[in-house]
Amino acid sequence: MSTTIAVLTGAGISTSAGIPDFRGPDGVWTKHPDQMNVYDLDLFMNDKKQREYSWRWQKESPVWKAQPGVAHKALARLEQAGMLNLLATQNFDALHEKAGNSEDVIVNLHGTIGSSHCMKCGQAYRTADIMAKLDQEPDPHCHKPMPYQGNMPCNGIIKTDVVYFGQALPEGAMEKSMRLASQADQFWVIGSTLEVYPAASLVPVAAQAGVPITIMNMGSTQYDSLATRLIHEPIEEALPKLVDKTIAGQK
């Protein structure tokens, strides 16, 4: 039986791929607190100007243009080796999907910018298709024909699948993550400050189940005392090394 590893990733894995974090000292929201409004559900649903600003901001954000870095690709290798049972992420940049990890293991705790849906009828959209037409349709609405309304378009508001302020986490996301983290042979935390709940609570859940914990982060976290291994090195160097060593140890 191969070793199973559950992973939680935070902003630190994506800053190594060129995406600024939101809450760190140089974070987007630390420097520009007004930009938190981009992800405010009430404002988005009730104010056309805010919706247009939110879509434009997300299109121009590095989150949208970013490509996975070597750290993301290392986790794809871990899955290919049959060792990754969970990749729970606090990031919504869809870089784990772009790097080659599958939907079987990824749990997007804070949603994802890769897909969108209509808030009225639930119709799913690829965000890339919406972004491509944003100049023609700056406030995207749903075009799905409604049969019981003479095939008139639904016209509901479309929103990315990022979890906005005022929204619950995706249904079942935490439950699945807690179950798999407590069943794994190891639990790795990569680039999370462990300050945002409920994601941070995965660490005590894994610890209580007796799962050895690795925390890889440049700074310290409130749960360092629960870790069996602390790695304070740049993630883009340390994670590929850790993955290669872990895979080699299976052979």
Side-chain angles (χ1 to χ4, degrees), residues 5-36 38-39 61-63 66-75 78 84 86-96 99 101 106-111 113 162-163 165 169 173-174 177-178 181-182 184 186-209 211-246:
I5 296 165
V7 176
L8 170 68
T9 63
I13 193 169
S14 290
T15 49
S16 71
I19 296 182
D21 67 10
F22 287 99
R23 297 171 195 275
D26 293 316
V28 175
W29 292 336
T30 313
K31 290 182 166 176
H32 309 282
D34 55 310
Q35 293 194 351
M36 290 174 86
V38 167
Y39 294 115
S61 156
V63 171
Q67 292 303 316
V70 290
H72 295 93
K73 289 172 184 166
L75 291 175
L78 194 64
L84 188 64
L86 169 71
L87 177 45
T89 183
Q90 296 172 269
N91 304 331
F92 49 74
D93 49 35
L95 289 182
H96 290 305
N101 283 111
I106 296 173
V107 176
N108 286 302
L109 294 172
H110 297 165
I113 202 167
V162 173
V163 175
F165 296 112
L169 296 197
M174 269 311 290
S177 299
M178 288 163 95
S182 56
Q186 296 181 37
F187 181 55
W188 297 357
V189 177
I190 311 293
S192 173
T193 56
L194 297 174
E195 286 170 10
V196 178
Y197 286 88
S201 62
L202 289 174
V203 176
V205 165
Q208 206 166 7
V211 179
I213 293 164
T214 297
I215 297 178
M216 182 184 293
N217 202 40
M218 287 309 280
S220 55
T221 78
Q222 60 179 329
Y223 288 129
D224 283 4
S225 60
L226 297 180
T228 41
R229 177 170 54 185
L230 293 171
I231 302 173
H232 297 304
E233 291 164 36
I235 290 168
E236 61 270 32
E237 295 163 22
L239 186 58
K241 265 194 288 193
L242 179 60
V243 165
D244 291 342
K245 192 175 153 192
T246 306

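- Contact between A6 and A181 at its shortest, heavy atoms only, is CB-CA, 3.9 Å.
- Using modelled atom types, one side-chain atom of D224 and one backbone atom of T221 make a donor-acceptor pair closer than 3.5 Å.
- The shortest heavy-atom contact between N217 and T193 is ND2-CA, 4.1 Å.
- Closest approach of L109 and S177 over heavy atoms only: CD2-OG, 3.7 Å.
- One finds the CD1 atom of I13 at 7.5 Å from the OG1 atom of T89 (value rounded to the nearest 0.5 Å).
- Note: S14 OG to H72 NE2 = 3.5 Å, rounded to the nearest 0.5 Å.
- Side-chain contact between P212 and F187 is absent, with no heavy atoms from C-beta onward closer than 4.5 Å.
- Separating the CD1 atom in I235 from the OG1 atom in T15 is a distance of 6.0 Å, to the nearest 0.5 Å.
- A donor-acceptor contact closer than 3.5 angstrom links the side chains of S192 and Q90.
- Once rounded to the nearest 0.5 Å, the distance linking OH of Y223 with CD of E195 reads 11.5 Å.
- Here the straight-line distance linking atom CG of N101 with atom NE2 of H96 works out to 7.0 Å at 0.5 Å rounding.
- The structure places OG1 of T9 at 9.5 Å from CG of L95, a figure rounded to the nearest 0.5 Å.
- Looking at I5 and W188, their side chains come closer than 4.5 Å, going by heavy atoms from C-beta outward.
- Taking 4.5 Å as the limit, some side-chain heavy atom of M216 sits within range of a side-chain heavy atom of L239.
- Two residues are said to be in side-chain contact when any heavy atoms from C-beta on lie closer than 4.5 Å; L242 and T246 meet this criterion.
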> Between L202 and M178, does a side-chain contact (heavy atoms from CB on, under 4.5 Å) hold up when you go through it step by step?
Replying inline: CA-CA 6 Å; L202 289 174; M178 288 163 95; 3.6 Å; yes

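- No side-chain heavy atom of F92 sits under 4.5 Å from any side-chain heavy atom of V163.
- The shortest side-chain heavy-atom distance between L194 and I215 falls under the 4.5 Å cut-off.
- A heavy-atom distance below 4.5 Å is not found between the side chains of V107 and L87.
- The heavy-atom pair separating L75 from L84 by the smallest distance is O-CD2, 3.8 Å.
- When all heavy atoms of L226 and A207 are compared, the closest pair comes out as CD1-CB, 4.1 Å.
- Of all the heavy atoms in P198 and L169, the pair that sits closest is CG-CD1, 3.5 Å.
- The side-chain heavy atoms of Q186 and I213, taken from C-beta on, include no pair separated by under 4.5 Å.
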